[in-house]
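Taking it in order: structure first as structure tokens, then the write-up.
Just so you know, these numbers come straight off a predicted model, no measurement behind them.
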Amino acid sequence: MPKSRIIGTGSFVPQRILSNNELELIVETNDEWITRRTGIKERRIASKGKRESTTDLATQAAENALRMAGIAAEDLDMIVVGTVTPDRQFPSTGCMLQTAIGASRAAAFDVSAGCSGFLYALTMADNAIRAHTSRCALVVGAERLSSIVNWQDRSTCVLLGDGAGAVVLTNSANGSGVLSTHLRSDGAFWDLLYASYESCYLPESLACIDLKPFQLKMEGNRLFKRAVNCLSTIAEKALAENGLSSSDINLMIPHQANMRIILAMAQAIGIPMEKVYTNLDRYGNTSSASIPIALDEANRAGLIKNGDLLLLVSFGAGLTWGASIMRWGIQAQIDHDRPLLESKTGVEF
């Protein structure tokens, strides 16, 4: 069975840093409480007028990933963007990204799966490559969560940040690549994390934010319990279906939501924290962007070696959750001579 594998990673975050100390001047909270409850020390905030829209963030991350992969945008057959904060209802961020990078041959679309958006998007691209309907795909997670935060709600505004991460996928023939992905959802719990069409409070010190006409609402305690259970269960399923144990994993990259959730999940599945990559202290929860940003950082820091087994796991609004196991491999050349298969409608993807 053919696999897809990552041959390039990239990420990009806005310049504006919002620290816990600055948040103390905006809402009733303090650095000690935020750090103890979440593990977050600062987050990045996108500014209007500085080319930091969702599409702009995605474009920078994508170009960094393409540069590492040594792939031209024209070589892409597919672009899948995971996001819940697109710049507009339509067209998709994927289509806006397509024209921004000049990927004229690529089919492009968005996936809305909350913080699991990147893993859902990765699955779409992986399946297309396995089915021979795509040779080379770009998968992006990009968010501007600051645009849907009520900055009077201290239970949510301390958690969220902005950024984008991207990977380039192509076919693999040497055993490396995505071994499997596993996705789940349960809409019965939609009300634990959702967007409500209400205006948000924006302090003068954050006037740079381009607010959207709705705000994020969350039931933190119920969501925490559900997240730990779902994350550990899907991670164990992914390991079992690949005949692996937690000791086989070289590095786990979880969704960067809350350090307490990450600690509880890692303990539940038996992965020591020295094998878990986290960066939420610097970026907070960037939703669908969190895993690809962390993956890019770990990759560029040399923390991932050829042959390493990686476990990616995420949980988000929907509720949605998922896991992916991959074996890291070296970059490969795209086989341009292999013809694409056609869909039933005769359209090439």
Min side-chain heavy-atom separation Gln60-Asp56 under 4.5 Å: no
Whether over 12 other heavy atoms sit under 6.0 Å from Arg300 CZ: yes
Check against side-chain contact (heavy atoms from CB on, under 4.5 Å), Val27 and Trp151: CA-CA 7 Å; Val27 69; Trp151 292 93; over 6 Å; no
pair Leu193-Leu216: side-chain heavy atoms closer than 4.5 Å: yes
Gln98 to Ala108 - nearest heavy-atom pair and separation: CB-CB, 4.2 Å
Single-linkage hydrophobic cluster, 4.5 Å side-chain cutoff, Phe189 and Tyr194 together: no
Nearest heavy atoms of Ser92 and Cys95, plus distance in Å: OG-N, 3.0 Å
Residue of the set Val168, Val80, Asp77 for which side-chain contact (heavy atoms from CB on, under 4.5 Å) holds with Leu138: Val168
Thr170 vs Asp75, side-chain contact (heavy atoms from CB on, under 4.5 Å): CA-CA, chis, key distance, verdict: CA-CA 10 Å; Thr170 189; Asp75 291 323; over 6 Å; no
Shared hydrophobic cluster for Ile79 and Leu57 (ILVMFWY, side-chain gaps under 4.5 Å): no
Interatomic spacing from CD in Glu219 to CG in Asp191 - rounded to 0.5 Å: 6.0 Å
Donor-acceptor under 3.5 Å (Thr54 side chain, Ala142 main chain): no
Residue pair Leu179 / Leu309, side-chain heavy-atom distance below 4.5 Å: yes
Val158 and Asn20, any side-chain heavy atoms less than 4.5 Å apart: no
Nearest heavy-atom neighbours spanning Ser324 and Leu122: OG-CD2, 3.9 Å
Note, Leu145 side chain near Asp162 side chain (heavy atom, < 4.5 Å): yes
side-chain contact (heavy atoms from CB on, under 4.5 Å) between Met252 and Met265, worked out: CA-CA 11 Å; Met252 180 172 76; Met265 189 266 292; 3.6 Å; yes
Taking every non-hydrogen atom, the tightest pair across Ala266 and Val276: CB-CG2, 4.2 Å
Backbone of Pro254 reached by a side-chain donor or acceptor of Gln256 within 3.5 Å: yes
Check: Leu66 and Leu76 side chains under 4.5 Å, non-hydrogen atoms: yes
Lys50 atom NZ, neighbour heavy-atom count above 12 within 6.0 Å: no
Same apolar cluster (I L V M F W Y, side chains within < 4.5 Å links), Ile234/Met326: no
Beyond-backbone contact of Asp248 with Asn242, side-chain heavy atoms, under 4.5 angstrom: no
Transitive ILVMFWY side-chain link Met259 to Ile293, under 4.5 Å: no
Pairs involving residues 115-127, ordered by first then second residue, that meet side-chain hydrogen bond (donor to acceptor under 3.5 Å, both in side chains) (sequence neighbours left out): Ser4-Asp126, Ser116-Thr320, Thr123-Thr181, Asp126-Arg130
Main-chain N/O of Leu211 paired with Lys48 side-chain donor or acceptor, under 3.5 Å: no
Least distance between heavy atoms, Ser176 atom then Ser172 atom: O-OG, 2.8 Å
Among Ile17, Leu160, Asn285, Leu23, side-chain contact (heavy atoms from CB on, under 4.5 Å) partner for Arg43: Leu23
Neighbour count >12 (heavy atoms, 6.0 Å) for atom CD, Glu32: yes
Sidechain N-carboxylate O distance under 4.0 Å for Arg144, Asp87: yes
Whether Asp308 side chain and Asn250 backbone form a donor-acceptor pair below 3.5 Å: no
Pair Arg226-Phe315, side-chain contact (heavy atoms from CB on, under 4.5 Å): steps then yes or no: CA-CA 9 Å; Arg226 195 76 188 170; Phe315 176 89; 4.1 Å; yes
Residue pairs, two or more places apart or on separate chains, that pass side-chain hydrogen bond (donor to acceptor under 3.5 Å, both in side chains) and touch residues 257-278: Tyr277-Glu297
Contact list for residues 67-104, test ring-ring contact (aromatic ring centres under 6.0 Å, His included), sequence neighbours left out: none
Within one Ile-Leu-Val-Met-Phe-Trp-Tyr cluster: Val178 and Leu251, side-chain cutoff 4.5 Å: yes
Polar side-chain atom of Asp110 near backbone of Thr93 as donor-acceptor pair, under 3.5 Å: yes
